[in-house]
Amino acid sequence: MDSVNLVIIGSGCAGLTAAIYAARANLSPVIVAGTQSGGQLVTTSNVENFPGFPEGINGFELMENMRTQAERFGAQFLSSAVERSDLSEKKLYLDDQKKFKAKTIIIATGASPRLLNIPGEREFFGGKGVSVCATCDGIFFKNREVVVIGGGDSACEEAHFLARFCSKVYIIHRRGQLRASKIMADRALAHPKIEILWNTIPLEICGEKKVTHIRIKEGERERDLPCSGVFLAIGHIPNTQVFEGQIERDREGYILSDGAYSSIPGIFVAGDCCDPVYRQAITAAGMGAAAGISAERYLYE
Ligand code: NAP
């Protein structure tokens with residue numbers, strides 16, 4: 001088992017910012033980056049609200065820049081994931097058989113897209129019409145009609161992006177009002193190719209080899225809406241299952257924190273795994289910086 005100063009679990013905005021701070025403080029952090037480094041932002045098209053980029057920046061590029069910055073100061077990245085943990089001993093067991101005993105740990109594992117759990121969703125997932133990422137899959141639906149489920153910023157952003165390629169984009173939302181911020185909502189409402197179906201619930205995603213339609217319930221009425229793609233944008237679930245029973249979490253699984261501090265001394269948290277409220281790239285980055293600084297202070301005190 002390797003002994004290290006600091007293991008950072010996660011390579012999204014929070015993990016990478018923590019890595020930059022910790023590496024600059026000479027802690028030689030090891031980052032357990034997962035198979036896809038960069039977190040949720042690598043699937044975002046243009047990030048318009050990260051300060052310092054007046055024209056916006058591509059999400060993938062932003063994350064690549066952060067990783068390069070962390071590597072420049074000596075952060076070591078592993079393309080593996082934590083399979084098992086013993087947080088009370090600060091021991092981590094990775095899926096590539098590596099084991100670490102760390103003096104400090106920063107948990108920045110982020111969150112994953114929530115699923116609807118309706119018939120057809122899993123069956124048509126990945127290449128057959130159901131997706132959680134318009135940036136990744138939108139191009140496959142050129143000149144087709146598609147559906148986006150949800151009423152938040154993600155749903156509006158996904159719909160706006162898809163409207164570039166698709167002939168028509170329906171937003172299916174279960175309420176009569178969008179949850180999205182005003183600027184995102186206004187953009188969706190004003191777009192000639194986007195139509196919002198209010199107070200509508202998806203019941204089943206249907207097709208043969210690929211999606212052909214979605215069965216929906218509008219008020220009391222059920223009907224089939226023809227579409228080739230269904231994009232889910234209904235929020236996220238924190239990636240904290242591997243720590244279940246070892247650290248204090250809320251009912252939804254978000255790790256409880258006081259600033260960067262978790263319920264265990266020497267274990268710090270940052271980003272979407274502990275933030276059900278803001279969930280922004282910049283807030284995750286800020287929390288990552290706080291976690292990096294806190295880990296450094298803990299080690300030197
Ligand atoms: P969100 O704000 O939690 O919205 C999720 C949406 O999905 C809500 O409208 C919710 O309906 C709906 N929903 C949840 N479960 C559902 C179900 N089982 N069936 C049908 N609908 C369901 O999530 P988000 O849009 O992913 O945004 C998360 C955070 O990221 C927010 O803070 C947002 O501001 C931020 N974000 C920012 C940007 C940007 O600024 N560029 C882009 C994307 C996301 P209800 O409204 O009825 O609850």
Side-chain angles (χ1 to χ4, degrees), residues 2 4-82 92 94 96 98 100 102-112 133 135-136 236 239 255 257 259-262 266-275 278-300:
D2 292 341
V4 293
N5 279 328
L6 169 62
V7 174
I8 298 171
I9 313 169
S11 57
C13 259
L16 291 182
T17 308
I20 293 167
Y21 274 75
R24 283 193 81 241
N26 242 352
L27 302 186
S28 309
V30 173
I31 292 89
V32 180
T35 42
Q36 190 195 20
S37 176
Q40 291 176 60
L41 270 200
V42 295
T43 59
T44 302
S45 45
N46 203 27
V47 183
E48 290 180 337
N49 51 11
F50 201 91
F53 301 95
E55 300 303 320
I57 180 167
N58 175 277
F60 182 81
E61 194 185 335
L62 178 62
M63 301 318 290
E64 280 294 295
N65 288 347
M66 285 192 191
R67 178 168 171 154
T68 306
Q69 198 173 348
E71 282 173 330
R72 188 178 136 215
F73 296 113
Q76 185 200 340
F77 284 80
L78 304 175
S79 312
S80 31
V82 172
L92 298 169
L94 309 193
D96 61 2
K98 284 199 181 73
F100 289 102
K103 289 182 188 151
T104 56
I105 294 173
I106 294 175
I107 300 176
T109 44
S112 297
C133 176
T135 318
C136 320
H236 291 83
N239 298 323
I255 296 175
S257 58
Y261 292 79
S262 75
I267 299 190
F268 303 94
V269 285
D272 287 11
C273 68
C274 60
D275 172 20
Y278 300 108
R279 298 178 293 183
Q280 303 295 301
I282 189 64
T283 51
M287 292 163 88
I293 293 168
S294 302
E296 181 197 353
R297 288 186 183 159
Y298 178 88
L299 279 169
Y300 287 111

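- Atom CZ of F53 sits in a crowded spot, with more than 12 heavy atoms from other residues, nucleotides or ligands closer than 6.0 Å.
- Looking at residues two or more places apart in sequence or on another chain, you find no salt bridge (charged side-chain N to carboxylate O under 4.0 Å, His left out) involving E61.
- Here the closest heavy-atom approach between residue C274 and residue M287 is recorded as SG-CE, 3.5 Å.
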Intermediate values then yes/no, side chain to side chain contact (heavy atoms under 4.5 Å, CB included), R67 and S37: CA-CA 9 Å; R67 178 168 171 154; S37 176; 3.1 Å; yes
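- Each of H236, Q40, R279 was evaluated against D272; a single residue qualifies, Q40, per the side chain to side chain donor-acceptor pair (under 3.5 Å) test.
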Tell me, with the steps shown, if F100 and L94 meet side chain to side chain contact (heavy atoms under 4.5 Å, CB included). CA-CA 8 Å; F100 289 102; L94 309 193; 3.7 Å; yes
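- The two residues A281 and F50 make their nearest non-hydrogen contact at CB-CD1, 3.8 Å.
- Residue K103 forms a side chain to side chain contact (heavy atoms under 4.5 Å, CB included) with just one option from V7, L299, L6, V4, and that option is L299.
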Name the atoms and distances for all side-chain donor-acceptor pairs under 3.5 Å in residues 11-32, with sequence neighbours left out.
{"from": "S11", "atom 1": "OG", "to": "A33", "atom 2": "O", "distance (Å)": "2.9"}
{"from": "S11", "atom 1": "OG", "to": "G38", "atom 2": "N", "distance (Å)": "3.1"}
{"from": "T17", "atom 1": "OG1", "to": "C13", "atom 2": "O", "distance (Å)": "2.6"}

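- Taking both residues in full, the closest heavy atoms of T109 and C273 are given as OG1-CB, 3.5 Å, listed atom of the first, atom of the second, then distance.
- Distance CG/N58 to CG/N65: 10.0 Å, rounded to 0.5 Å.
- When all heavy atoms are compared, the tightest approach of V47 to G59 is CG2-CA, 3.8 Å.
- Taking the side-chain contact (heavy atoms from CB on, under 4.5 Å) definition, one finds that E64 meets it with F60, sequence neighbours left out.
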Before giving the answer on side chain to side chain contact (heavy atoms under 4.5 Å, CB included), spell out for I267 and I107 the whole-Å C-alpha distance, their side-chain angles and the decisive distance to 0.1 Å. CA-CA 7 Å; I267 299 190; I107 300 176; 3.9 Å; yes
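- The distance from atom OG1 of T104 to atom CD of E296, rounded to the nearest 0.5 Å, is 10.5 Å.
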